[in-house]
Each structure stands twice: as structure tokens, then as C-alpha cells.
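Please read these numbers as outputs of a predicted model, since none were measured by experiment. We count ligands from 1, going down the list as the structure has it; atoms in each ligand are counted the same way.
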Amino acid sequence: MSKLAIIGGTGLSQMQGLSINSTENLDTPFGTPSAPYVLGSINGKEIVFLARHGNPHTIPPHKINYRANIWGLKQLGVSEIIAVAAVGGITSEMAPAHIAIPDQIIDYSYGREHTFFADDLENVTHIDFTFPYTQTLRSRLIKAAAQQNIVITETGTYGSTQGPRLESSAEIIRMERDGCDLVGMTGMPEAALAKELNIDYATIAVVANWAAGKSEGEISMDEIELHVKNGMLNVTKLLSAFLS
Ligand code: HPA
């Protein structure tokens, strides 16, 4: 039987509607995860919830121990992960508060512990990453959105930057030329690590702001918070439909 985890990002440090059974503090060979794992149920379905940035939100994207987070989920028997992530919108459909279910990734991050296959190897391992997100999980999310009449974009390329600063407008122009629709700071190495451990993985991307240079003026944290809050209302609806 599959076991589902939700990794909550900015604006989702706690899971609404989750009736909590227990919390687990785990240690892993790669260090300590971002927060205790919260075990509980939504609509009667068992899930594990993890706050990617800690709860409260204190860990910046480049300091997250992605390996510990994913390893801990595997230890708990998790076989599917839905990652919720706030992003900047690059292409025209990706307006603030919009939701997309990306199907591709370009990794611009650097200096992060990004693989379980680094040390003590019996064999050099290269996972296939042609399709970084699990198609079946993506399809189920898209179906749940349709059931709730939530307008989403069903595809998109997620460009994963290093952060914690936002991008320059020239970087966004380059990313658009590369084919990115969305820009975020936590998509990688999370997706690849899940794949290395054979865990199905899909992302619900919530647009927090127009990416740098895509609107007048500068990007403010107030603006990001406001749009994430609005977008999260639909994320909660979507997840609830997904779990029913
Ligand atoms: N860039 C990178 N990450 C983000 C952004 C952005 O504009 N907005 C929310 N996360």
C-alpha cells in the first residue's frame, strides 16, 4: 500500500485539517530533518507532514538538509511525496496566486548535498531523471484540481535557484530563454533525492510573485506573503480533494 507525505513550503508550515496522531523526531545518517515528522490523517487518509523550512519557518532554502528530510520519509515507509512550493512566475500564465503542476526541472543550484550516492559506493549509480516528477502522481493532482474547479496549469518547467536572494531581471530573462516557466529555491535537490530512493514525487507550485523584472518595481516580502496566502486556499482545497 502507498504511504503519502506532504512537504510544506513557505506558507505551509502547518497542515490545515490534519488530525495529528503523533510526531516523530528522527535522526538519519545525513543529519537531522527540518522538523519533527507529523503523523496524522486528513479525510481519514494517513499522511506524514514535514515543514521543509522548519516550524516555525527559520531554515533558508540553501540550508535545508534535503537528504535528511527525504531519508527520514523513507524510514517512515513513505512511497509518495507531494511537495508544496512557493515560486516566482516567469511566463504569462504564471500570475500571482496561480497553481501549476510542473513536469520538468532545470537545476541552477550549487554547493548543496544533492545525492545519496556519494560515498561508500559498491557501484557508481546514475539515476534516470528524464522525467523528474512522477507522471501518475501529477495526473492525480490534476484530476483533483479539476474536481474542485480550480484553474491550474498542468505543466511547466521549474528552474531551481540557489537563493536566498531573489534573481536579477537578467537572470530571469536567461531562465525564460532556457525554457523555465517558474522559479523557486527548493525544487532541487529534493526531487532528485526522492527519485534516488524510489519515492514517487510531484510538486504543487504556488505562484507568490511575478519573477524579477516581470512586473513594475521591486519584489516585496509583503507581496509574496499575500499571494502565497491566497494561493494556499486553493492548495488546501486541492489536497483535500486529492485525499478523498
Ligand atoms: N524566485 C525564487 N524563488 C521564489 C520566488 C522568486 O521570485 N518567489 C517565491 N520563491
Problem - Backbone N/O of M188 and side chain of S160: donor-acceptor pair under 3.5 Å - result: yes
Practice task
Mind listing the closest non-hydrogen atom pair of A35 and N55 along with its distance?
Solution key: CB-N, 4.3 Å
Problem - S168 side chain to E171 backbone, donor-acceptor under 3.5 Å - result: yes
Practice task
Kindly give the heavy-atom pair with the smallest separation between I64 and N69, and that separation in Å.
Solution key: CG2-ND2, 3.5 Å
Exercise for the section: Locate the shortest heavy-atom distance separating T130 from Q104; write the atom from each residue and the value. Expected result: O-NE2, 3.0 Å
Exercise for the section: Return the orientation label for the F30 and W71 ring planes: parallel under 30°, perpendicular over 60°, tilted otherwise. Expected result: perpendicular
Exercise for the section: Could you please provide the protein residues found below 4.0 Å of ligand 1 on a heavy-atom basis, arranged by chain and number? Expected result: A86, V87, G88, L166, E167, V183, G184, M185, N209
